[in-house]
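Since the structure comes first, as structure tokens, the remarks are kept for the end.
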2 protein chains.
Amino acid sequence: MPKTTIRAGSNIAFIKYWGVEDAAINLPQTSSISMTLADAYTTTTVEWQSSSAQAGDQDDDIVIDGRTLRGEAGARVVRHLDRIRALAGTNQRARVASRNNFPMASGIASSASGFAALTVAACQALGLDMNATQLSALARLGSGSACRSLFGGFVLWDRGYDHETSVARMLFLPEHWDLYDLVAIVSHGEKKVSSEGGHRLAATSPLNQARVEHVKTLLPIVQEAIAQCDLEQLGEAIEWDALAMHAVMQTGSPSLLYWQPGTLEVIQAVRRWRDEEGLAAYFTIDAGPNVHVLCAAEDAPTVQAHLAALPSVVDVLVSRPGPAPYAVTDPLF
Amino acid sequence: MPKTTIRAGSNIAFIKYWGVEDAAINLPQTSSISMTLADAYTTTTVEWQSSSAQAGDQDDDIVIDGRTLRGEAGARVVRHLDRIRALAGTNQRARVASRNNFPMASGIASSASGFAALTVAACQALGLDMNATQLSALARLGSGSACRSLFGGFVLWDRGYDHETSVARMLFLPEHWDLYDLVAIVSHGEKKVSSEGGHRLAATSPLNQARVEHVKTLLPIVQEAIAQCDLEQLGEAIEWDALAMHAVMQTGSPSLLYWQPGTLEVIQAVRRWRDEEGLAAYFTIDAGPNVHVLCAAEDAPTVQAHLAALPSVVDVLVSRPGPAPYAVTDPLF
């Protein structure tokens with residue numbers, strides 16, 4: 001069987017996906033909006049084995065960043081491969097290798113780019129004829145935010161009402177707005193609670209419903225801000241929703257506190273630069289301690305230098321709007 | 001006229017006062033519960049001048065921590081003295097000196113102990129015959145949380161519905177529970193936005209009403225936890241409300257971000273000690289960056305040593321439940 005190698009960008013959400021209406025299919029409580037990243041991506045090679053799996057046979061062979069994936073993380077990938085096997089009517093085992101060009105599980109959505117790349121590579125390697133919308137729905141089953149990484153540029157994930165309708169679509173091409181995302185890495189540590197677990201906890205926060213309601217008013221504001229390339233309007237909305245999502249996390253049961261001291265150092269600094277230097281930069285934070293700072297192309301060098309000079313920032317990852325998943329010629333094995 | 005010198009303890013709120021229903025009289029949106037502190041206090045000497053003020057005369061003479069208070073902070077004290085002058089039917093000027101034994105405006109409620117001490121000293125020096133409930137209402141007009149510092153031990157501020165009914169009362173004597181409050185000072189910096197300004201902003205947060213509603217369910221839980229000296233039940237509730245209050249602050253318009261990197265270092269450490277060492281300590285945070293850590297008397301030395309060893313903690317202030325305001329014999333002038 002042929003090997004297929006696909007690269008998919010991670011994405012940074014402007015309006016977050018947090019909280020599920022139906023955990024079995026990752027049906028979210030709200031729609032969300034993101035930018036697909038050109039420079040933070042996962043590359044995944046899939047090869048389906050020619051021999052069929054037998055009862056008691058070994059599992060799929062899954063290697064991420066050079067290490068065999070085991071335990072619940074491995075089982076999650078196997079379940080996704082099972083979905084694809086079911087669609088293709090096959091019981092072939094898969095060999096999967098995957099590599100991220102950014103640290104896993106630190107607030108950069110490795111599961112988004114990872115499940116997007118896996119979905120496209122695995123389906124294509126089996127010759128499954130699926131359009132982008134169908135692939136988006138399928139990727140969502142692996143990891144909710146992966147459905148957004150099926151598209152390039154600026155992306156809306158419509159909440160929808162069932163498996164077929166809860167899918168992403170592109171709002172604007174990557175070329176529409178040369179917006180920079182500078183990720184200030186303040187910790188390479190792994191999260192104690194995966195995002196997947198956290199989504200189920202959102203409903204335990206007494207603040208969750210208020211966020212869900214307010215997000216409904218923010219969604220058109222963010223779409224309009226992107227349409228107009230209005231960074232101030234976008235920035236105010238994304239900071240609000242990042243703070244509100246973390247408020248929901250922190251006030252759930254159990255309370256999830258993803259922030260580290262460095263997180264606060266960065267977000268306080270971003271606001272200080274804005275107030276004191278007029279530097280138009282705005283932050284957002286995914287389910288982890290690192291801080292994404294959005295700014296215009298012309299301010300990116302200044303913002304990058306400022307971020308790198310903060311004591312708790314160990315690295316700054318720079319990314320621009322990126323394309324939909326694409327094939328690369330060098331397989332990982 | 002005789003000088004009167006009164007010492008009043010600050011208080012640490014377990015359920016916070018944040019958000020006003022009627023800003024003109026500091027009528028809060030929710031009831032709140034606090035512990036008056038024995039070891040973080042304000043000492044205030046008041047002397048009414050024998051000559052009456054004339055139009056164009058100089059203002060009251062107000063010195064705090066050795067410096068004459070001017071600007072809006074000074075005007076706020078003068079307005080409070082005006083209320084007391086009105087009650088006594090006098091237009092005498094006052095000489096006021098006040099000293100805090102803890103840093104001002106850093107999340108320890110200097111306005112609470114300050115306005116409590118000022119209210120009692122100023123009224124007593126004029127011979128006004130007022131009971132503790134009336135003094136509590138009067139202190140509330142100066143600074144909302146000051147009404148709680150009119151009582152010792154564990155205190156409930158009933159939200160009430162007007163000036164006379166929105167007053168505090170003691171729930172339990174200080175001797176009821178030897179609970180320690182260790183304040184980890186991570187910054188001596190002054191706040192950019194005073195609490196008084198922030199209260200008016202609470203209503204601008206889309207999350208505020210959800211907090212207000214949930215606090216109604218927490219109030220009896222906290223009262224019961226104090227009655228039973230149940231630190232775990234108290235601790236879970238106070239951490240929730242501290243995080244929820246800061247969520248409201250952060251998601252209001254404008255967004256108030258009182259936390260500093262050190263704030264996160266302390267609260268992450270407290271949870272880590274609890275999880276990994278079984279150390280029963282719980283945090284709360286007022287409108288500032290410092291963190292109050294509550295624990296039992298027998299754990300206080302360990303918690304204090306742990307806190308002092310954190311890189312961003314510059315000082316640890318230790319306090320136990322304290323008494324109602326009391327007279328001291330040494331005047332400040």
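Proteins get letters first, then strands, A, B, ... in listed order; numbering begins at 1 in each. Note that the structure is predicted; figures quoted are calculated from it, not measured.
- Contacts of B:Asp158 classified as salt bridge (charged side-chain N to carboxylate O under 4.0 Å, His left out), with partners at least two apart in sequence or in another chain: B:Arg169.
- Remark: A:Trp157 engages A:Tyr17 in a ring-ring contact (aromatic ring centres under 6.0 Å, His included) (not counting sequence neighbours).
- Every residue two or more places apart in sequence or in another chain was checked for a ring-ring contact (aromatic ring centres under 6.0 Å, His included) with B:Trp177, and none qualifies.
- Checked by atom type and distance alone, the side chain of B:Gln268 pairs as donor or acceptor with a backbone atom of A:Trp259 at under 3.5 Å.
- Interface check for chain A: of the options B:Ile267, B:Leu257, B:Val266, B:Asn208, the most heavy-atom pairs under 4.5 Å are formed by B:Leu257.
- Residue A:Arg271 comes nearest to B:Ser255 through the heavy atom pair NH1-OG, 2.7 Å, listed as atom of the first residue, atom of the second, then distance.
- By the 4.5 Å heavy-atom criterion applied to side chains, B:Trp240 and A:Pro206 are counted as neighbours.
- For residues 210-232 of chain B, a heavy-atom distance under 4.5 Å to chain A picks out B:Ala210, B:Arg211, B:His214, given by residue number.
- Considering CD of B:Glu239 and CD of A:Gln250, their distance stands at 11.0 Å, rounded to 0.5 Å.
- If you take CG on B:Leu243 and CG on A:Leu207, they are separated by 9.5 Å, rounding to the nearest 0.5 Å.
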